[in-house]
Amino acid sequence: MSNIRIIRIHNELLGTYGDQGNAEVLAFRAKFHGIAATITDVTYEQSIPRNGNIYLLGGAEDSAQLLSLEALRRENNLQEAIADGAVLLAVCAGFQIIGQSFWANGAKVEGLGLLDVESNPGGKKRCVGEVKARCSILNLELNGFENHSGTTTLGSSAQAFAKVSSGYGNGDGKSDGAVLGNVFGTYMHGPILARNPQLADLLLTRATARPFSQIEDPLASSYASIARKY
Ligand code: GLN
């Protein structure tokens with residue numbers, strides 16, 4: 001693969017928590033690995049390209065989350081691309097959207113069903129703060145920042161993305177996110193790929209079916225090591 005196509009979905013709606021930076025990190029690291037990368041922003045009005053290699057959904061307030069879901073429901077391009085092996089990273093509101101159902105603005109809505117998880121209204125207390133969670137796929141403790149009111153339970157066929165060591169994650173302080181094949185859901189903002197560049201390399205590996213040797217990016221390493229302290 002000579003060019004990796006990164007599709008950033010509804011950044012104007014799902015950009016509240018800085019998750020748009022995940023696309024920049026992927027493109028930067030792809031270039032480090034000698035692969036050209038293009039970032040395509042898809043807005044609420046536009047159709048989602050079918051030929052992406054990595055798709056990204058970010059976090060948002062409930063109303064923006066509902067608008068994004070409405071647009072995603074107009075077509076099956078994302079689901080078809082995933083079925084063909086494309087990679088999806090969905091953060092917080094995005095993670096809830098790709099589950100079976102979630103609550104927004106006091107009502108339960110059906111999600112895209114790409115992951116067997118259900119999100120429900122949390123208690124009065126929002127889950128806010130630093131989160132650390134061990135990802136068994138990478139054999140690494142990841143870290144991020146969370147800010148959500150919804151909590152998520154894993155269905156019988158769902159596998160947690162990471163095991164929480166501090167923070168709330170899915171709300172129970174035990175698991176964070178869910179993963180199925182190349183579909184990754186998590187509550188970790190940061191952006192997560194800036195704080196954990198190894199995860200960016202995993203997504204690139206999955207998208208290109210090509211293993212990458214470790215690269216040293218001093219700025220990424222110092223950011224990750226500062227973030228790990230909190
Ligand atoms: N609106 C959702 C919630 O509060 C998602 C928030 C987010 O994306 N940070 O649970």
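What you see below is based on every heavy atom in this structure, not just the backbone, and it leaves out hydrogens, waters and symmetry mates. Each ligand, and each atom within it, is numbered from 1 in the order the structure gives. Fair warning: this is a prediction, and the values are worked out from it, not measured in the lab.
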In this structure, CG of Leu89 is separated from CD1 of Ile54 (nearest 0.5 Å) by 9.0 Å
Note: ligand 1 atoms sitting under 4.0 Å from heavy atoms of Ala93 are 5 (C), 7 (C), 8 (O)
All heavy atoms of Gly113 vs all of Gln100, minimum pair found to be CA-OE1, 3.7 Å
Gly59 heavy atoms within 4.0 Å reach ligand 1 at atoms 8 (O)
On a heavy-atom basis, the closest approach of Ala133 and Asp176 is CB-CB, 4.3 Å
Nearest non-hydrogen protein atom to atom 3 (C) of ligand 1, with distance, is Ser149 N, 3.4 Å
In ligand 1, the atoms that come under 4.0 Å of a heavy atom of His189 are 9 (N)
- Query: Aromatic rings Phe184 and Phe161: how do their planes relate, parallel, tilted or perpendicular, breaks at 30° and 60°?
  - Reply: perpendicular
Looking only at protein heavy atoms, what sits closest to atom 9 (N) of ligand 1 is Asn147 O, 2.7 Å
heavy-atom search around atom 2 (C) of ligand 1 in the protein gives Gln65 OE1, 3.4 Å
Quick one: sort the Tyr44 and His10 rings into parallel, tilted or perpendicular, breaks at 30° and 60°. tilted
Practice problem: Would you sort out whether Asn105 and Ser63 count as a side chain to side chain donor-acceptor pair (under 3.5 Å), showing the intermediate values? | Solution: CA-CA 7 Å; Asn105 293 342; Ser63 304; 3.2 Å; yes
for atom 10 (O) of ligand 1, nearest protein heavy atom and its distance come out as Gly150 N, 2.8 Å
shortest atom 5 (C) of ligand 1-to-protein heavy-atom contact is with Ala60 O, 3.4 Å
Of all protein heavy atoms, the one nearest atom 1 (N) of ligand 1 is Asp62 OD1, 2.6 Å
Nearest non-hydrogen protein atom to atom 7 (C) of ligand 1, with distance, is Cys92 SG, 2.8 Å
Next item on the list: Could you tell me whether Arg74 and Glu45 have a side-chain N and a carboxylate O separated by less than 4.0 Å?
Entry: no
Under 4.0 Å between heavy atoms, the region of Glu146 that gets near ligand 1 turns out to be neither
Next on the checklist: Looking at Glu110, I want to see if its CD is surrounded by more than 12 non-hydrogen atoms of other residues, nucleotides or ligands under 6.0 Å.
Outcome noted: no
Examine Val91 against ligand 1 and note whether any of their N/O atoms are separated by less than 3.5 Å.
no
